[in-house]
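Structure incoming, see below.
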Amino acid sequence: MITQQEKDNILQGFHNIQISVDRMLSMLQKYEEKKKEIKKILETRYSDTNADHHIYALLRRKSELEELKSFYSIIPTIDDSISNQYKTFLQSEITQFNPSNLHLLQQGSHTQIYAFLDKQINDQLSISPDDNNVISWIKDLPNQYVHYINTLLDLQCKLHIFDQIKNIDGSIVMIGSNGSGKSTFARQLNGKLANNIVILSAQHFLHYNKRNTISASGDEIQKVRNFQLNTKLGNDGNFQQLITSDMNDLIDALMAQHTDCALELYDNGTRNSSYLTKTIEIWDKIIEHRHLKNDRTGLFVTGIDIKQYNFNQLSDGEKAVFYYIAHILLAPNNSYIIVDEPENHLHLTICNKLWDELEKERCDCKFIYLTHNLNFATTRSNCTILWNKKFKPPYDWDFEILPENEVIPEVLIMELIGSRKNICFCEGNSRSSLDYKLYCILFPQYTVIPVSGHRNVIDYVDSYNNTSSFITQAVGIIDGDHHLPTQIEKWKQKKIFTLPINEIENILCDDYILQTAIDAFCCEENALETFHNNFWKLLTDNKEQQATAYVNEHLNNLFKDNFLHEKQNITNLITEMQNITSSSYIQTLYDETIAKINSFIEHKDYNSALYFVNFKGRLTREIAQKTIVNKYENRILDLIKKEHDLQKHILDTYFIDFIFD
């Protein structure tokens, strides 16, 4: 949400930039007109000044200024659709470039310089003692204008890039082969005008040199944030110093702020959780069976049946988890957090768990992951995958948003063929589908890919497993949909598994999961009873529709299963067909189904009814939302992700007969 005042401030910022560019263009025209006079004045006043060099260095930038004038004349759409991160970016970067705050762009300075230069005619210089300040401005102006032009070009680059991704919800995974320009993309986004851009490079020196004293400079966190903005290029002169001091500065900042929190508690009784405490809490969640602790001797690890050891004895993966947590917690509000090779040093299970936790912890930020690892890219949920084909500085970016309703393109699979995970094809039209989200949680050892309906699942599994170029195998999971037992068994032999329940949404509405949700979300005591009452009313009101839908699916499944047996005699084949499709057979099947549903209702056999009905998601998106908690599907998925007991219950109840190699 953007307020009118925020919108007005941003629009004023664009207006200020337009004014600045116009003034610079006007001044360049004046410098070009008076360059002989300017050169003579400067060489007379400043003997060591290379006037020609500075003047011509400025005049050569005229074409860039004209391009900037054209670019900044078009203001991007600013409405409620923009993300908080993009709004923060515009607020901090656009509004800060104000000619009123830049001496040599102020109207008064321009007027004085113009007036002075207009007095100079050829060799007849007209200079008085009162002109000393103006001459100093004329000397400094070329260097200052070149700086302003570079600043606006940097901002133009970032606006070009962010304009292409500003409306993408959630996190972004940018994938592409080595050399496709992912890291170059990141480097274009940092620098002086990147106040809410955090860049974590792939190069980490994960070692801490223990200090004998606690830093008391007061700028420890700012030093870390300055590092987050730094280019960290391998050809930078201070590259080694940046990388080797990173962990030291990071832990110094945590320790200093932790001390500040302790003093605040001691002096004022105010209890604030420090970044160090929060880092340790999250680390303990990710690294199970070990506990990270701190005291006056430093950071160390303890655990059951393990000998205590200090921070530098952690594995690279354990230190990387600490490193990422601390940096993310210290990132400014509403940042773009760009992580190059987020899977570096990490096992994939730990990696997904870590970034899930950090995205939840910093939900105010947008995460942009740069990777060539298909395993990581395809196991991120609730994200948009960008296939980065090529990036040429400063902002020539050739990328494709992978459609949510399509399987990953074959050419991309071949490009990223290094994946060693098996594939799980499932129903669902996109990565936002319930099938995809739930199976990513239950089967982290698989790359889960939604491919629409059950026929696609079957076809993709067959095609994938029969393609010799793939080194992995594929399995498939489809909804129950009243498929025939004989067909279910045939599919199982091909590693295509059918849910024993009619639709996946119903899994999230079994009594164990409902009760766990009720307890977790502090619902009313009678919430489960209320849910059941709504369920029975829905089924009673729609039992004829449910019975008709069952008969329809049963008949369709018969045809799909090649149910006809007669192959010798056409008369017998016609009779067989007529028996199956006769009105009496269909009516009998319908009556039996109505009787079954009535039995469910009469005996309140919720479990059997839940396995049978197909309300197209109404149980989770209507009844559960009304009686349990708003946004039930997303909330219960988050709970399942965190609760091992819920995962075990689902696997033991609905996937017990599945064989996943």
Side-chain angles (χ1 to χ4, degrees), residues 1-25 64-102 105 107 148-172 174 185-186 188-199 225 228-229 331-338 359 362-368 382-384 386 391 393-401 432:
M1 181 71 178
I2 186 167
T3 66
Q4 186 60 46
Q5 184 61 57
E6 290 171 332
K7 182 176 180 179
D8 290 344
N9 290 342
I10 294 171
L11 293 175
Q12 183 61 50
F14 276 102
H15 180 63
N16 288 338
I17 291 175
Q18 292 166 2
I19 291 174
S20 301
V21 173
D22 284 340
R23 286 182 184 169
M24 283 191 281
L25 276 170
E64 291 174 315
L65 269 176
E66 290 171 341
E67 180 187 342
L68 288 172
K69 179 179 175 66
S70 175
F71 175 79
Y72 286 108
S73 66
I74 302 173
I75 299 175
T77 301
I78 302 169
D79 55 28
D80 287 344
S81 67
I82 68 173
S83 67
N84 284 333
Q85 298 83 22
Y86 190 63
K87 180 179 74 173
T88 300
F89 170 77
L90 292 177
Q91 286 175 318
S92 62
E93 313 304 344
I94 297 297
T95 58
Q96 79 170 24
F97 199 93
N98 189 338
S100 299
N101 301 327
L102 301 169
L105 284 179
Q107 182 63 57
Y148 298 155
I149 292 169
N150 289 339
T151 295
L152 290 177
L153 286 171
D154 284 344
L155 181 54
Q156 177 193 22
C157 166
K158 294 173 179 63
L159 285 168
H160 261 296
I161 291 173
F162 282 119
D163 187 61
Q164 297 178 77
I165 61 175
K166 65 182 180 183
N167 293 322
I168 296 178
D169 294 326
S171 59
I172 293 172
M174 185 187 299
F185 162 87
Q188 288 300 114
L189 295 179
N190 55 27
K192 295 181 177 64
L193 289 183
N195 294 328
N196 73 321
I197 299 174
V198 171
I199 298 177
R225 288 179 174 167
Q228 292 174 343
L229 297 174
N333 292 337
N334 294 318
S335 289
Y336 289 96
I337 298 178
I338 301 169
E359 285 185 28
R362 293 305 308 268
C363 57
D364 61 305
C365 297
K366 180 183 287 293
F367 288 73
I368 302 176
N382 295 322
C383 77
T384 298
L386 301 185
F391 183 83
Y395 45 74
D396 183 8
W397 187 13
D398 180 14
F399 74 91
E400 177 182 338
I401 296 178
S432 63

Exercise for review: Kindly determine whether Thr3 and Gln5 satisfy side-chain hydrogen bond (donor to acceptor under 3.5 Å, both in side chains), including the steps that lead there.
Suggested key: CA-CA 5 Å; Thr3 66; Gln5 184 61 57; over 6 Å; no
Review point. If you take all heavy atoms of Lys7 and Ile78, which pair is closest and at what distance?
Key: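 Smallest interatomic distance, heavy atoms only, reads CE-O, 3.3 Å.
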Check your understanding: Do any N or O atoms from the side chain of Tyr72 and from the backbone of Asn16 form a donor-acceptor pair under 3.5 angstrom?
Key ->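 A pair under 3.5 Å: no.
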Point to revise | Spacing of Gln18 atom CD and Arg23 atom CZ [to the nearest 0.5 Å] | key: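 These two atoms lie 12.5 Å from each other.
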**Study point:** Rounded distance [0.5 Å steps], CG in Leu65 versus CG in Leu25
**Key:**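 These two atoms lie 4.5 Å from each other.
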Practice item. Determine, for Lys158 against Glu93, whether the closest basic-nitrogen to carboxylate-oxygen distance falls under 4.0 angstrom. Key: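 Here Lys158 does not pair with Glu93 in a salt bridge, since their nearest N and O are not under 4.0 Å apart.
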Exercise for review: Calculate, to the nearest 0.5 Å, the distance between atoms CD1 and CG belonging to Ile94 and Leu159 respectively.
Suggested key: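 If I round to the nearest 0.5 Å, the distance is 4.5 Å.
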Review point. Do the ring planes of Phe89 and Phe162 sit parallel (below 30°), tilted (30 to 60°) or perpendicular (above 60°)?
Key: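 Ring orientation of Phe89 relative to Phe162: tilted.
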**Study point:** Inter-residue atom distance Ser20.OG - Tyr148.OH, 0.5 Å rounding
**Key:**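 One gets 9.0 Å once the value is rounded to the nearest 0.5 Å.
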Practice item. For the residue pair Ser81 and Asp79, confirm or rule out a side-chain donor-acceptor distance under 3.5 Å. Key: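 Per modelled atom types, Ser81 and Asp79 side chains form a pair under 3.5 Å.
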Review point. Has the side chain of Lys366 got a donor or acceptor atom that lies under 3.5 Å from a matching backbone atom of Ile168?
Key: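 Checked: pair present.
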Practice item. Look only at the side chain of Gln91 and the backbone of Ile10, and say whether a donor-acceptor pair between them is shorter than 3.5 Å. Key: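 No; zero donor-acceptor contacts below 3.5 Å.
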Point to revise | Heavy-atom closest pair, residues Asn196 and Asn334 | key: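 That would be ND2-O, 3.0 Å.
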Exercise for review: Determine yes or no for a side-chain-to-main-chain donor-acceptor pair under 3.5 angstrom, with Tyr336 supplying the side chain and Ile199 the backbone.
Suggested key: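 Not confirmed, Tyr336 side chain does not pair with Ile199 backbone.
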Practice item. Using atom types as modelled and distance alone, determine if a side-chain donor or acceptor of Asn167 lies under 3.5 Å from a backbone N or O of Ile82. Key: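 No, the answer is negative, given that no donor and acceptor are paired below the 3.5 Å cut-off.
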Review point. Is there a donor-acceptor pair under 3.5 Å between the side chain of Ser70 and the backbone N or O of Glu67?
Key: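 Answer holds: no.
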Review point. Heavy-atom count around Asp163 CG within 6.0 Å, excluding the residue itself: above 12?
Key: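 Yes, enclosed.
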Exercise for review: Identify the two heavy atoms, one from Gln156 and one from Leu68, that lie closest to each other, and give their separation to 0.1 Å.
Suggested key: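 For Gln156 and Leu68, the tightest heavy-atom pair comes out as OE1-CD2, 3.6 Å.
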Check your understanding: What pair of heavy atoms forms the shortest contact from Pro332 to Ser335, and how long is it?
Key ->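 Heavy-atom minimum between the residues: O-OG, 2.7 Å.
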Practice item. Please answer whether the main-chain N or O of Ala331 pairs with a side-chain N or O of Arg362 as donor and acceptor at a distance below 3.5 Å. Key: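 Indeed, once roles are kept as given, a pair shorter than 3.5 Å links the two residues.
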Review point. Can you list the steps and then say if Gln12 with Asp8 is a side-chain hydrogen bond (donor to acceptor under 3.5 Å, both in side chains)?
Key: CA-CA 6 Å; Gln12 183 61 50; Asp8 290 344; over 6 Å; no
Point to revise | Nearest heavy atoms of Cys383 and Ser171, plus distance in Å | key: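 It is CB-OG, 3.2 Å.
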Practice item. Measure the CD1-CD distance between Ile337 and Gln85 for me, rounded to the nearest 0.5 Å. Key: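 The distance works out to 9.0 Å.
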